[in-house]
Amino acid sequence: MPDWGRNTLELMVQELQRPVRVDDSFDRRVMVRVRRIYAERRHRGIVGWLAAAANVTRRPAWAAALAAGVVAVVSLSVLKKSPSTVPANGQAIPVQFVLVAPDAHSVAVVGDFNNWGLNDTALVAENHDGVWSVSAPVHTGVHRYAFLVNGKQWVADPTAPRAADDDFGQPSSALVVEASTQ
Amino acid sequence: MRMRTARSLLAVLLVGSAFRSTEAQDPRLSNRLDAPTRKALSAIVDSARAQGIPVEPLMEKVYQGLAMGADGSRIVVAVRSLTFEMGNAHRVLGAVATTDELKAAASAVHAGVPAVELGKMKKQSGLRRSLTLPFTVLADIVSRGVPVAAATNAIKSLVGAGAKDKDISDFQRNVSVDIEKGAQPAAAAETRAKGAVVPPPKAENREHE
């Protein structure tokens, strides 16, 4: 068994050994869920039939049809999950980004959450006092980002953890947006 | 034979590159990366996916490289390196690790933390505790000059003591301020970790008496 498999197994055993408390409504909720799953499967129709067909890969025509169907589904899911359309992580919550840059003419925040789009999220210095800020929706998860000052200078967020993997010779920061912080 | 051919066809179609799918939708990839770079990235991304490594962080790295004006070869090196680091993290953290944990763990590995230490932390903390923030802070303090062993011990002690993400964020902020003020990085981490460890609630102690 590979290391990761053994570690996973140990973690699962460790977790299963912990005492679990269930409330009084647990049995009822489980049975409601079980009945719902059973009802969904009964109404699945053609999908259920395809799943039950054991010899489908023995026929090239069936295989090609199945492959085409799967590709269509995969393509649709890739389109939906495309970083340029909908981020894959959870709910987006507003995060305020602030940079003090009195001499700057423009500041933008660029990172994983906006696909490193240089012009997507501009900061504003409302009072022209050098305090640039913007509130942008960021999905839960860990994100790399940096400020782009005057369209050419990359600056890490001085108030955030550094991203250790600055592979491109420019500083960047790390932002962790946890669901529990919502 | 027919069955094998059908399976191969299906496998090829299923594996179909995530990189190419994204490339088709985002003109930045086809306009700014040359064909050999796109081919190399596509191979890395497909290989990562075959190993069960999430590919989204790899695509983010490509976008980061493009935004920062890196050339194709440098982007390929960075994505390959991230794949390797995420693979190491995946092996020690197991299939239970989330994409965010793997991404943060890869950052810590990149900073020089042995992957096996991250695996120990995961075992210590259990399945429910997300280690995304602890790994992120670990990478941060190592990059600020805290020796790997001292940084790892500090984060382990925090996680082991049940410190919450907010406590660990405060710890990171304090350590970085201390270092900026001239403290020795190792001393700052060790001292702040002692102060941040939360003692067990008194109610629990009474139950054991």
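Numbered from 1 within each chain, the chains take letters A, B, ... in sequence-line order.
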A.B. asks: Which value, rounded to the nearest 0.5 Å, describes the distance between A/Trp116 atom CH2 and B/Met59 atom CE?
C.D. replies: 14.5 Å

A.B. asks: Sequence neighbours left out, what passes side chain to side chain contact (heavy atoms under 4.5 Å, CB included) with B/Thr98? Give chain and number order.
C.D. replies: B/Asp100, B/Glu101, B/Thr132

A.B. asks: Given heavy-atom pairs under 4.5 angstrom as the criterion, report whether the side chain, backbone, both or neither of B/Lys166 touches chain A.
C.D. replies: neither

A.B. asks: Please find the pair of heavy atoms, one from A/Val142 and one from B/Ala104, that lie closest to each other, and give the distance.
C.D. replies: CG1-N, 4.4 Å

A.B. asks: So which heavy atom on A/Pro161 is nearest to which on B/Thr136, and how close?
C.D. replies: CB-CG2, 4.2 Å

A.B. asks: To the nearest 0.5 Å, how far apart are CZ in B/Arg173 and OG1 in A/Thr159?
C.D. replies: 7.5 Å

A.B. asks: Given heavy-atom pairs under 4.5 angstrom as the criterion, report whether the side chain, backbone, both or neither of B/Ile75 touches chain A.
C.D. replies: both

A.B. asks: Under 4.5 Å from any heavy atom of chain A, what part of B/Ser107 do you find: side chain, backbone, both or neither?
C.D. replies: both

A.B. asks: If the contact rule is any heavy atom under 4.5 Å from chain B, which residues of residues 166-174 of chain A qualify, in numerical order?
C.D. replies: A/Asp167, A/Phe168, A/Gly169, A/Gln170, A/Pro171, A/Ser172, A/Ala174

A.B. asks: Tell me which of these, B/Ala139, B/Ala78, B/Gly69, has more heavy-atom pairs under 4.5 Å with chain A than the rest.
C.D. replies: B/Ala78

A.B. asks: Does some side-chain heavy atom of A/Val110 sit less than 4.5 Å from a side-chain heavy atom of B/Gln64?
C.D. replies: no

A.B. asks: Is any side-chain heavy atom of B/Arg144 less than 4.5 Å from a side-chain heavy atom of A/Arg162?
C.D. replies: yes

